[in-house]
Number of protein chains: 2
Amino acid sequence: MDLINRISSERSQFSKSERKVAELILHEPEQAIHRSIASLAALADVSEPTVNRFCRRLGCKGYPDFKLQLAQSLAQGTPYVNRDIEESDNVDQITQKIFDSTLNALNIARQSLDSRPITAAVETMVAARKIAFFGFGASASVAHDAQNKFARFDTPSVFSDDLLVQRMWAINSEPGDVLVCISHTGRTKALCEIAAIAYENKATVIGITAAHSPLSDSCHFTVSTNVPEDTDQYMPMASRIAQLVLIDAIIAGYTLQRGPEFREKLARVKEGLKGSRYSKQTTTKQ
Amino acid sequence: MDLINRISSERSQFSKSERKVAELILHEPEQAIHRSIASLAALADVSEPTVNRFCRRLGCKGYPDFKLQLAQSLAQGTPYVNRDIEESDNVDQITQKIFDSTLNALNIARQSLDSRPITAAVETMVAARKIAFFGFGASASVAHDAQNKFARFDTPSVFSDDLLVQRMWAINSEPGDVLVCISHTGRTKALCEIAAIAYENKATVIGITAAHSPLSDSCHFTVSTNVPEDTDQYMPMASRIAQLVLIDAIIAGYTLQRGPEFREKLARVKEGLKGSRYSKQTTTKQ
DNA sequence: CGTGTTTTTGTAACTTTACTACATTTAGAC
DNA sequence: GTCTAAATGTAGTAAAGTTACAAAAACACG
């Protein structure tokens, strides 16, 4: 959580003198970052060590570190107050909050990534004969997205959210084939079954799902994102965004691994898509 | 202009020793802000006054002031100087860079959002008789995702990436029906046609697309995200993530607008989904 | 309502950090 | 090669932040 908000929310835990410092900083944070500890202490009518202790209580290494964090907190625009959406919020507030929590979730996910399974995924996919992306519900659109990106590549790929289509693919799978199973919880029964079938057929099964879940047990390796809890109470939000970005990373890795000639192919695909679009010169009403 | 970019762009004007400092800071700006002038000077293999002069040349009052501005510059959504993926990057670096640029794009999108069309979208959808989400290519999976979320609601909704299905829906559309057209560029010919047909039939057409594009001309209103340029040269990455988050916001708005009884329904849907999953107690191999 | 204890706050010495003045080196011009 | 100017470094100084300890305030308990 952001420093300014922490000061604000932990206000009650401060001692009397520390509170004087807190009030001063919350009142004019922009000024505070340009002051020395002595000048700030004098202004708050407390001693310098009190200011120093105040900084430490907030988890900073000292006063300079505190100033640094405060400066960052200010630069961030920081509407970062209460992330939970409330009954009384208007659409603008809701939108900001959704963006904020997604940003927050992505940031946390980024920090807790393990590059080893990602590297393994890239290598497996570069070597793949054919690749399938399967998922249900919200994860179906993630799988859909992944396959869409692979459609530009020359490795045959399929997406399906159809139980029977998935099953048929799994039954027909062979060594060298890759199955990417996407699930937020890793507990969708149907998908676990499909993964197990493909596993038995010696296809490489990659899970983009929760670590140590039933699904991950049927995967050769699992790429997981460590998203805190989900933004929305009723459906996956931030977690699937993290999955999508993760897939972007895998795709970027794949593209790079394939070398420069491959990127030339991609450029040709992009060029070829132009025919389906109006050119930028087209006049519009506005 | 932002400090980091200034350092980068004024690189040529620095003297030899100052350039050493500049390189070091551009290479690891996060580290630099936690160092003392002495430690930074030693690392760059120059003297302390050289670092100090470097700071002054950039218009800072001194080294502490420089650190402060650098910290702010970093916190500010950080238009990272060179976040482009390079041939020599390993998978870990690629992943970090993809996450970084997505975070950056989302942050910029957040700051440039216009809440009016979002509010309009929420209101329109709450009042809708039935809703369709259409898109092609990468936007198809975005549309897919949106419909997936609406599947939990009681308003009938469809998704399609099939030209003919879309056309049939558009032809059958009536006042009170809502069509959400998703396109990154807003220039996909086929989708413009579909939008125009629905428009003529007096359905409400919402565009989640670029402002002032051919597609937005056939929409009653357009919700657009102002994502800088795309992360990846060959396919939409950050832009579609922004679209997804935008849709999340619309959905959150919709849910809230519908009131508490509606949220009870959602809770029931969630409960009902449990049957398709293994419960958390299920033992796993690990 | 005092006494012992704990917590809070301040004082003063100390350490670290940044800055300034000046000396030295380096690079370029003639 | 020598002179000049720019760049860089050295050493001393001033300022800032930190630590250790002592005083004061708040609190608990008889």
Side-chain angles (χ1 to χ4, degrees), chain A residues 3 6-74, chain B residues 3 6-74:
Chain A
L3 189 62
R6 288 239 321 280
I7 299 175
S8 173
S9 66
E10 290 174 28
R11 205 183 305 201
S12 56
Q13 292 176 37
F14 294 134
S15 70
K16 202 169 61 183
S17 299
E18 283 172 345
R19 210 165 307 155
K20 282 197 222 169
V21 181
E23 301 295 347
L24 198 74
I25 287 164
L26 288 175
H27 190 245
E28 283 182 298
E30 291 89 350
Q31 228 200 53
I33 59 172
H34 292 300
R35 287 191 173 278
S36 72
I37 191 166
S39 129
L40 189 72
L43 208 72
D45 197 30
V46 298
S47 69
E48 297 176 31
T50 299
V51 176
N52 191 283
R53 281 186 285 259
F54 168 81
C55 301
R56 301 242 159 118
R57 192 173 297 257
L58 288 159
C60 300
K61 267 190 77 180
Y63 182 68
D65 185 44
F66 169 79
K67 280 212 294 193
L68 230 54
Q69 287 197 231
L70 185 63
Q72 294 203 319
S73 170
L74 285 174
Chain B
L3 188 63
R6 287 236 325 278
I7 299 174
S8 173
S9 65
E10 290 173 28
R11 204 182 303 201
S12 56
Q13 291 176 36
F14 295 133
S15 70
K16 201 170 58 181
S17 297
E18 284 172 344
R19 209 166 307 154
K20 281 196 222 169
V21 181
E23 301 295 347
L24 199 72
I25 287 164
L26 289 174
H27 190 246
E28 284 181 298
E30 290 89 349
Q31 228 200 54
I33 60 172
H34 293 299
R35 285 189 175 278
S36 72
I37 192 168
S39 130
L40 189 71
L43 208 72
D45 198 30
V46 299
S47 70
E48 296 176 31
T50 300
V51 176
N52 191 282
R53 282 186 283 261
F54 169 81
C55 300
R56 300 243 158 114
R57 191 174 298 257
L58 287 159
C60 300
K61 267 189 75 180
Y63 182 68
D65 184 45
F66 169 79
K67 279 212 295 194
L68 230 54
Q69 288 196 230
L70 185 63
Q72 294 205 319
S73 169
L74 283 174

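Between B:F54 atom CZ and D:dT8 atom C1' the separation is 16 Å, expressed in whole Å. Distance NZ (B:K16) to P (D:dA5): 21 Å, rounded to an integer number of Å. What separates CZ of A:R19 from C1' of C:dT9 is a distance of 15 Å, to the nearest Å. Counting to the nearest Å, the P atom of D:dA16 and the CG atom of B:L68 are 15 Å from each other. When the C1' atom of D:dA16 is taken as reference, atom CZ of A:F66 falls 16 Å away, rounded to whole Å.
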With the criterion being N/O to N/O and under 3.5 Å, what pairs connect the protein with nucleotides 17-23 of chain D, and how long is each?
| unit_1 | atom_1 | unit_2 | atom_2 | d |
| --- | --- | --- | --- | --- |
| D:dG17 | OP2 | A:I37 | N | 2.3 |
| D:dT18 | OP1 | A:Y63 | N | 3.4 |
| D:dT18 | OP2 | A:N52 | ND2 | 2.2 |
| D:dT18 | OP2 | A:Y63 | N | 3.2 |
| D:dT18 | O5' | A:N52 | ND2 | 3.3 |
| D:dT19 | OP2 | A:R56 | NH1 | 2.6 |
| D:dT19 | OP2 | A:R56 | NH2 | 2.9 |

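Residues B:R57 and B:E18 are paired through a salt bridge, judged by an N-O separation under 4.0 Å between the basic side chain and the carboxylate.
In this structure, OG1 on A:T50 lies 11.0 Å from CG on A:L40, to the nearest 0.5 angstrom.
Side chain of B:Q72 to backbone of A:A71: a donor-acceptor contact under 3.5 angstrom is found.
Within the structure, a side-chain polar atom (N or O) of A:T50 is placed less than 4.0 Å from OP1 or OP2 of C:dG10. Look at B:S17 and you'll find a side-chain N or O under 4.0 angstrom from OP1 or OP2 of D:dT8.
Side-chain contact check for A:S39 and A:S36: no donor-acceptor pair (N or O, by modelled atom type) lies under 3.5 Å.
Between A:L24 and the choices A:L43, A:V46, A:V51, the side chain to side chain contact (heavy atoms under 4.5 Å, CB included) rule is met once, by A:L43.
Aromatic ring pairs are classed by plane angle as parallel below 30°, tilted from 30° to 60° and perpendicular above 60°; the pair A:F14 and A:F54 is tilted.
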